[in-house]
Amino acid sequence: MRRDRGRLAIDIVVPVYNEEAVVAEFHRQLIDVVTPLRRDHDVRICYVNDGSVDHTGAELLKLAADDAGVTILELSRNFVITLDGDGQHPPELIADMIGLYRAGYDVVLTQRVAAEASRFKRWTSAAFYRLLSVIGNTPMTTGSADYRLLSRPVLEALRQMREYHRFLRGMVAWAGYRTVVLPYAERSRLGGSSKYSLRGMARLAADATFSFSLVPLRIALVVGSCFLLLAVAEAFYVMSFWLTGRQHLLVPGWSSLMFMLLIVGAALMIAVGFVGVYVGYIFQEVKRRPVYLVRSVHRATPEAAAEPEEGRER
């Protein structure tokens, strides 16, 4: 979205996957919200057919034939996960999101305050985002959805992030633009069932963890340090027997064997940990994320630049 004084150029992107039974009704509800907005703004709707194997593509073509403001993108495979096109995200929030955008926010996130998810799913989701915020050094909003508004600078920033495994919620948070959270009550699906399996959620969690944190790579370094401390403790323990004249109580060969195992294990784990650190640095480099992002630039006006030196405040 581009922020102008008058008309706004608004792009609404709706990925769908095997939603032939509900996409027409969803589009009708979306048009009810978009039609009043088109009086003052340029609104385009882009449906992304996310590799559907049913008749979703045919249903989308019907929508495009009836509305010149609708564009259809067909993906050959399921690459994109952004927002739900099954009716669970209320289109009525779009007007509120535009209002917050006009208030100066570059990112308008939505947050579920009431959902039909099980208690286990809500608990694991909250725990995951808290953990990711800590180990990834990127504050994450618990319960946030892929239903969001992004300004043009944020979109350009995301285009600079060329990594293949894309955790979009984390990437938007990492960009660091001015963000506001808009709570909403999630609706029931218009039809069908969720296409997100437990395996898909586990894959998403893995992509998020490994994309935003080097902590897993440093686990070997921590484990190696623990082995080293145990080796030192073992050495002091054996020495105590010799210093107190109780060396006869030691099982022959046991102390030397344990000491060597701990030392060798510590050396190997620490070496693997160092390799992991270097691999983490390489991983960060090949992602080619921008070193910094510029949200805005402020310059002196020509009148201020021409002001005499003695007239300026110091």
Side-chain angles (χ1 to χ4, degrees), residues 1-103 105-110 145-160 166 168 171-172 177 182 184 186-192 195:
M1 177 181 287
R2 297 187 295 272
R3 184 183 288 116
D4 300 321
R5 292 182 178 276
R7 297 179 67 86
L8 296 176
I10 305 172
D11 295 321
I12 301 175
V13 182
V14 187
V16 290
Y17 177 66
N18 290 349
E19 302 290 357
E20 63 173 334
V22 302
V23 67
E25 175 61 21
F26 171 80
H27 182 72
R28 186 193 66 77
Q29 295 181 7
L30 182 60
I31 288 297
D32 289 342
V33 176
V34 167
T35 300
L37 296 176
R38 282 178 168 169
R39 301 191 188 103
D40 302 315
H41 310 295
D42 299 323
V43 183
R44 298 180 300 180
I45 303 173
C46 179
Y47 284 97
V48 182
N49 188 7
D50 212 2
S52 299
V53 295
D54 59 0
H55 297 93
T56 299
E59 294 294 327
L60 293 176
L61 291 177
K62 294 178 183 179
L63 301 180
D66 296 334
D67 190 341
V70 173
T71 302
I72 310 299
L73 295 180
E74 294 275 354
L75 299 185
S76 59
R77 292 185 58 194
N78 189 347
F79 283 127
V80 181
I81 302 173
T82 51
L83 63 92
D84 295 338
D86 52 14
Q88 289 188 302
H89 294 162
E92 291 80 8
L93 289 181
I94 294 176
D96 296 331
M97 298 167 80
I98 295 174
L100 291 170
Y101 169 78
R102 285 191 175 277
Y105 293 99
D106 291 294
V107 178
V108 181
L109 297 178
T110 58
D146 288 321
Y147 185 20
R148 64 175 70 87
L149 179 148
L150 303 176
S151 67
R152 176 61 60 181
V154 181
L155 292 175
E156 294 300 327
L158 293 177
R159 291 181 62 184
Q160 297 181 50
R166 304 174 67 83
L168 192 58
M171 294 165 67
V172 171
Y177 285 84
L182 183 63
Y184 76 100
E186 189 174 70
R187 297 175 174 177
S188 300
R189 293 176 58 90
L190 295 175
K195 309 305 187 300

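- Residues Val14 and Phe26 have side chains in contact (heavy-atom distance under 4.5 Å, counting atoms from C-beta outward).
- Under 3.5 Å, the side chains of Glu25 and Gln29 contain a donor-acceptor pair of N or O atoms.
- The shortest distance between side-chain heavy atoms of Val16 and Glu59 does not fall below 4.5 Å.
- Side chains of Ile31 and Asp67 form a contact here, defined as non-hydrogen atoms less than 4.5 Å apart.
- The side-chain hydrogen bond (donor to acceptor under 3.5 Å, both in side chains) check on His41 picks up nothing, with sequence neighbours excluded.
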Please test Leu100 against Leu149 for side-chain contact (heavy atoms from CB on, under 4.5 Å), starting from the C-alpha separation and ending with a verdict.
CA-CA 10 Å; Leu100 291 170; Leu149 179 148; over 6 Å; no
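- In this structure, CG in Leu182 is found 5.0 Å from CG in Leu93, a value given to the nearest 0.5 Å.
- Checking side-chain atoms of Thr56 against main-chain N and O of Tyr17 turns up no donor-acceptor pair under 3.5 Å.
- In this structure the side chain of Val43 never reaches within 4.5 angstrom of the side chain of Ile94, judged on heavy atoms.
- Contact check for Leu155 versus Asp11: no side-chain heavy atoms found under the 4.5 Å cut-off.
- With rounding to the nearest 0.5 Å, the separation of NE2 in His55 from CG in Asn18 is 11.0 Å.
- When all heavy atoms are compared, the tightest approach of Tyr147 to Pro91 is OH-CA, 3.6 Å.
- Under the rule for a salt bridge (charged side-chain N to carboxylate O under 4.0 Å, His left out), the partners of Asp32 that lie at least two apart in sequence or sit in another chain are Arg28.
- Between Asp96 and Val108, every side-chain heavy-atom pair lies at or beyond the 4.5 Å cut-off.
- The structure places CG of Leu30 at 9.0 Å from OG1 of Thr35, a figure rounded to the nearest 0.5 Å.
- The CG atom of Leu37 lies 4.5 Å from the CD1 atom of Ile98; values are rounded to the nearest 0.5 Å.
- A heavy-atom distance below 4.5 Å is found between the side chains of Leu158 and Met171.
- Distance CD1/Ile10 to CD1/Ile45: 11.0 Å, rounded to 0.5 Å.
- Counting only heavy atoms from C-beta outward, the side chains of Tyr184 and His89 approach each other to under 4.5 Å.
- Ion pairing between Arg102 and Asp40 fails under the 4.0 Å rule for side-chain N and carboxylate O.
- The distance from the CG atom of Asn49 to the CD1 atom of Ile72 is 8.0 Å, given to the nearest 0.5 Å.
- Classified by interplanar angle (parallel below 30°, tilted 30° to 60°, perpendicular above 60°), the ring pair His27/Tyr47 is tilted.
- Residue Arg38 comes nearest to Arg7 through the heavy atom pair O-NH2, 3.7 Å, listed as atom of the first residue, atom of the second, then distance.
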